[in-house]
Amino acid sequence: MTGVTFAITQFFTSNFIGPELPDITSALVSLISLAVFLKFWKPKRIFRFPGQEITIKGENHSMGTVFKAWSPFVILTIFVTIWSLKPFKHCLPRAQRWPGASSTCRCRCSTSW
């Protein structure tokens, strides 16, 4: 379930949005899909070791707590998405040559300043 949603989201994000977000969006979509899947599906039989105690501890979390837990992912996704948009990239100044810097980049590409 999560592998399929991860792969599909990664494919569409990398092909239609850009290379910055595929891992982030894929992880978020697979986490959400797994949570929704486990809300409705329950296994018929759960394996337990002999003598293992069964403890069921249910915790209710407020929406504020859930939002705080998800906020780093949401903020990161929003900023990386905005940063990767072409209109926003055109607003940023181009890299300028620093005094004393090499005229070619260190990755051995043919880019010159």
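The figures that follow rest on heavy atoms only: side chains count, while hydrogens, waters and symmetry mates do not.
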- [ ] Only pairs at least two apart or in different chains count here, so list each ring-ring contact (aromatic ring centres under 6.0 Å, His included) that has a residue in residues 2-38.
- [x] F12-F16, F37-W41
TODO: Using the test ring-ring contact (aromatic ring centres under 6.0 Å, His included), find all partners of F79 that sit at least two apart in sequence or belong to another chain.
DONE: none
Task: Nearest-0.5 Å distance, OG1 of residue T5 to CD of residue Q10 - done: 11.0 Å
If you look only at distance, which donor and acceptor atoms sit under 3.5 Å apart when one is on a side chain in residues 58-74 and the other is two or more places apart or in another chain?
| residue | atom | partner | partner atom | Å |
| --- | --- | --- | --- | --- |
| S62 | OG | T65 | N | 3.3 |
| S62 | OG | T65 | OG1 | 3.0 |
| S71 | OG | K68 | O | 2.9 |

Open item on the list: Let me confirm one number: the OG-CD1 distance from S30 to I8, rounded to the nearest 0.5 Å.
Closed with: 11.5 Å
Task: Reported OG1-to-CG distance for the pair T77 and L28, which is rounded to 0.5 angstrom - done: 4.5 Å
Task: Passing candidate, side-chain contact (heavy atoms from CB on, under 4.5 Å) with L34, options L31, V36, L38 - done: L38
- [ ] Check whether any side-chain heavy atom of T81 lies under 4.5 Å from a side-chain heavy atom of I17, and answer yes or no.
- [x] no
Task: Closest contact, heavy atoms only, T9 versus S26 - done: C-OG, 3.6 Å
